[in-house]
Asks: 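Mind having a look at this structure? Questions to follow.
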Protein chains: 2
Amino acid sequence: MMRPDTDPQIRHLHLFRDMAQANFVNLMTASYDQIFPPGLEMIRQGDPADFLHIVMEGSVELVGQWAGRECTMAVVRPVSTFILAACIRDAPYLMTARTLERTRIVLIPASDLRSMFRRDPEFAVAVINELAACYRSVVRTAKSLKLRNSRERVASYLLRHSIIAGGAPSYMLGVEKRLLASYLGMTPENLSRTLKSLEADGVKIDGARVIITDRTRLTALVKPDALIDGLDAAADSIGPGLPVPQV
Amino acid sequence: MMRPDTDPQIRHLHLFRDMAQANFVNLMTASYDQIFPPGLEMIRQGDPADFLHIVMEGSVELVGQWAGRECTMAVVRPVSTFILAACIRDAPYLMTARTLERTRIVLIPASDLRSMFRRDPEFAVAVINELAACYRSVVRTAKSLKLRNSRERVASYLLRHSIIAGGAPSYMLGVEKRLLASYLGMTPENLSRTLKSLEADGVKIDGARVIITDRTRLTALVKPDALIDGLDAAADSIGPGLPVPQV
DNA sequence: CAGATCAATTGATAATTATCAAATGCCAAA
DNA sequence: TTTGGCATTTGATAATTATCAATTGATCTG
């Protein structure tokens, strides 16, 4: 079921780094390795949480749905896990998961997971740390949604990702703009107009490329806040979000 | 430091229910019991997380702040804990905590907490469950903010709390309206007008009293969703929110 | 009880954001 | 290389939400 090259990448995740080797092997042995085509809904929100998912290749969009509407909550890129909390609580998934491209996923049965953190204290601590980080990440998101308007969210997103990209003066958006719009809680039209208007404040957008033309000005506009944008705590950046940009 | 009557109430919390008695006593012995006057900022966002807080009496508002604005993220009522995640990650608080009235708080040093879940496996499991529930709770909040407009959020709040209040035809709002408005991500003026407009859809508001006049109609408007409003999973209702209404 | 204080409401207006429709541009499949 | 299908952009307009100002109402205090 598992490819021989899969183990080490998973083993390096914070979640699995510290557990006993025998226990890790135990989890891996029980798990499945699957490949999904693009655009496939691999999880529907409301389904029982049977498996912890680990993205090995490709990318997965997590979306919330209600009353025929939907919004992007996160995009998960390799190598990372998703829907840990649902597995732990043995509760229905709160989000739908859909592949954005051809994607390879490792699936760990939720029951094995739950019995494992009762057996392996190091794993339990890792789960605690992961969940706490994820929780804080969503709290930041909620703060951003409630305290900032859409223009401020766009500007802070662009600046933050420029910093994540190593402070480079330009970088590529890692996702389609309509997806980014949904992630930021706005319409594609609104995002498009907002991006144009931000040219007056120090960022230029050329297709999928973001060019910081006046970092000082943009920073003054954004008023970055460690308690929302989390620039200080790299460890906290685990959890839902949008992929790290490439220069 | 601790009052003799404090222990049992804390012991009954999910978080502490299953741990070894000796370990619980150990935590309690290291903790402080303090009373704060109304309107006191007991925690400022950004402060290092030194203590897990447990509200024993009174109530505490958790607010997010940015650029001179602020929004209510939750109101915590007895007996429950708050800012667990910050303590675990040994990271700055993401929210400011302010007493709404005279409030008694038990403070457990974060360092004791962190060493305890490494020693007591049952406690570790309880922390895992608590954090997973809190995480899911905030994800629901984020979904609500992004998928619903303010009128829909108000309506769903009113219906949900009527159900929490045991399906009673009328109940009291547990909080001031300006606070509710902030919690729902809108202005007090907007909330006031929205409440009035909802009289046409099955809820009437008389001061702080909510009267469901046409549950069918209101339910049809709200389109309650277990994956946002969490009516099915009582266990999930741990975590940030607004207090349970009284009939 | 009067006065002060603050929450809540109401009205008028402005800003923000969404919707609808059409045009443009980009990319991949044929 | 061309063509079809989308994503994106742009324009026009409507809906939603916020802001400002003034009033009303409730509560607390001296």
Side-chain angles (χ1 to χ4, degrees), chain A residues 37-39 61 66-72 75 98 100-102 144-158 172-201 203-210 221, chain B residues 37-39 61 66-72 75 98 100-102 144-158 172-201 203-210 221:
Chain A
E61 181 187 11
W66 179 76
R69 304 171 205 169
E70 67 174 55
C71 68
T72 302
V75 171
R98 177 191 299 147
L100 288 174
E101 51 196 313
R102 184 172 177 278
S144 182
L145 285 170
K146 288 174 76 166
L147 290 167
R148 289 171 169 166
N149 63 26
S150 66
R151 190 168 198 269
E152 292 164 336
R153 291 199 299 277
V154 173
S156 60
Y157 179 90
L158 294 178
M172 303 302 287
L173 289 174
V175 292
E176 289 185 344
K177 285 178 187 161
R178 67 190 179 86
L179 194 152
L180 176 59
S182 178
Y183 175 71
L184 293 172
M186 60 200 294
T187 59
E189 295 95 326
N190 191 7
L191 174 63
S192 179
R193 283 184 255 262
T194 300
L195 287 177
K196 178 163 287 187
S197 91
L198 283 173
E199 290 189 8
D201 286 286
V203 244
K204 199 177 165 322
I205 276 75
D206 180 29
R209 176 164 292 278
V210 180
L221 173 74
Chain B
E61 180 188 11
W66 180 76
R69 305 171 203 169
E70 67 173 56
C71 68
T72 302
V75 171
R98 178 190 301 146
L100 287 173
E101 52 196 313
R102 185 173 178 277
S144 182
L145 286 170
K146 289 174 75 168
L147 290 167
R148 289 170 169 166
N149 63 28
S150 67
R151 189 169 200 267
E152 291 164 337
R153 292 199 298 276
V154 172
S156 61
Y157 180 90
L158 295 178
M172 302 302 286
L173 288 175
V175 292
E176 289 184 342
K177 284 178 189 161
R178 67 191 177 87
L179 195 150
L180 175 59
S182 178
Y183 176 72
L184 293 173
M186 58 201 295
T187 60
E189 295 96 326
N190 190 8
L191 174 62
S192 180
R193 283 183 255 261
T194 301
L195 287 176
K196 178 162 289 188
S197 91
L198 282 173
E199 290 189 10
D201 286 286
V203 245
K204 201 178 164 321
I205 276 74
D206 180 29
R209 178 164 290 278
V210 180
L221 173 73

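A, B, ... follow the sequence lines: proteins, then strands. Residue 1 opens every chain. Being a predicted model, the structure only gives us computed values, none of them experimental.
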Asks: Is it the case that over 12 heavy atoms from other parts of the model lie below 6.0 angstrom from the CZ atom of A/R102?
Replies: no

Asks: Are any side-chain N or O atoms of A/S150 and backbone N or O atoms of A/M186, one a donor and one an acceptor, separated by less than 3.5 Å?
Replies: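 Checking the backbone N and O of A/M186 against the side chain of A/S150, no donor-acceptor pair under 3.5 Å is found.
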
Asks: Could you walk me through whether A/L180 and A/T72 pass the side chain to side chain contact (heavy atoms under 4.5 Å, CB included) test, one step at a time?
Replies: CA-CA 8 Å; A/L180 176 59; A/T72 302; over 6 Å; no

Asks: How many whole angstroms separate atom CG of A/L191 from atom C1' of C/dT17?
Replies: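 Computing the A/L191:CG to C/dT17:C1' distance gives 13 Å.
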
Asks: So if I take every side-chain heavy atom of B/R178 and compare against C/dT17, C/dA7, C/dA18, which nucleotide ends up nearest?
Replies: C/dA7

Asks: So, B/K177 side chain and B/G207 main chain: donor-acceptor pair closer than 3.5 Å or not?
Replies: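 Between the backbone of B/G207 and the side chain of B/K177 there is a qualifying donor-acceptor contact (under 3.5 Å).
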
Asks: Is any side-chain N of the basic residue among A/K146 and B/E70 closer than 4.0 Å to the acidic one's carboxylate O?
Replies: no

Asks: To the nearest Å, how far apart are B/R153 CZ and D/dT17 C1'?
Replies: 10 Å

Asks: Please report, rounded to the nearest Å, how far the P atom of D/dT9 is from the CD1 atom of A/I205.
Replies: 9 Å

Asks: Calculate the interatomic distance between A/K196 atom NZ and D/dT9 atom P; express it in whole Å.
Replies: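 Between P of D/dT9 and NZ of A/K196: 8 Å.
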
Asks: Let's go through B/V203 and B/L195 carefully: what are the C-alpha distance in whole Å and the side-chain angles of both, what is the deciding distance for side chain to side chain contact (heavy atoms under 4.5 Å, CB included) to 0.1 Å, and is it a yes or a no?
Replies: CA-CA 8 Å; B/V203 245; B/L195 287 176; over 6 Å; no

Asks: Can you tell me how far P of D/dT16 sits from CE of A/M186, to the nearest Å?
Replies: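 Distance, rounded to whole Å: 18 Å.
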
Asks: Main chain of B/M172, side chain of B/R209: is a donor-acceptor contact present, judged purely on distance under 3.5 Å?
Replies: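 No; judged by distance alone, with no hydrogens or angles, the pair does not exist.
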
Asks: Could you give me the CA-CA distance, side-chain angles and deciding distance for A/L198 and A/I205, then say whether side chain to side chain contact (heavy atoms under 4.5 Å, CB included) is met?
Replies: CA-CA 9 Å; A/L198 283 173; A/I205 276 75; 5.9 Å; no

Asks: Using a 4.0 Å heavy-atom cut-off to protein, can you give one letter per nucleotide of nucleotides 22-30 of chain D, 5' to 3': B if the base is in contact, S if only the sugar-phosphate is, - if neither?
Replies: ---------

Asks: Rounding to a whole Å, what distance do you find between A/R148:CZ and D/dA18:C1'?
Replies: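 Taking CZ of A/R148 and C1' of D/dA18, I get 19 Å after rounding.
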
Asks: Less than 4.0 angstrom from a charged side-chain N to a carboxylate O is my criterion; do B/R178 and B/E189 meet it?
Replies: no

Asks: Can you check the A/L184 CG to C/dA18 C1' distance for me, whole Å?
Replies: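 Atom CG in A/L184 sits about 16 Å away from atom C1' in C/dA18.
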
Asks: Consider side-chain contact (heavy atoms from CB on, under 4.5 Å). Of B/N190, B/L221, B/L191, which one does B/R151 pass it with?
Replies: B/L221

Asks: In whole Å, I'd like the distance from the NZ atom of A/K146 to the C1' atom of D/dT17.
Replies: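 Taking atom C1' of D/dT17 as the reference, NZ of A/K146 is at 15 Å.
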
Asks: Let me have a per-nucleotide readout for nucleotides 19-30 of chain C, 5' to 3', with B, S or -, counting only protein heavy atoms under 4.0 Å.
Replies: BB----------

Asks: Would you check if the side chain of B/S156 reaches a backbone N or O of B/R153 as a donor-acceptor pair within less than 3.5 Å?
Replies: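 Checking the backbone N and O of B/R153 against the side chain of B/S156, a donor-acceptor pair under 3.5 Å is found.
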
Asks: Could you run through DNA chain D and flag its stems, i.e. three or more consecutive Watson-Crick or G-U pairs with both distances under 3.5 Å?
Replies: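 Stems for DNA chain D, defined as runs of 3 or more consecutive pairs: C:1-30 with D:1-30.
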
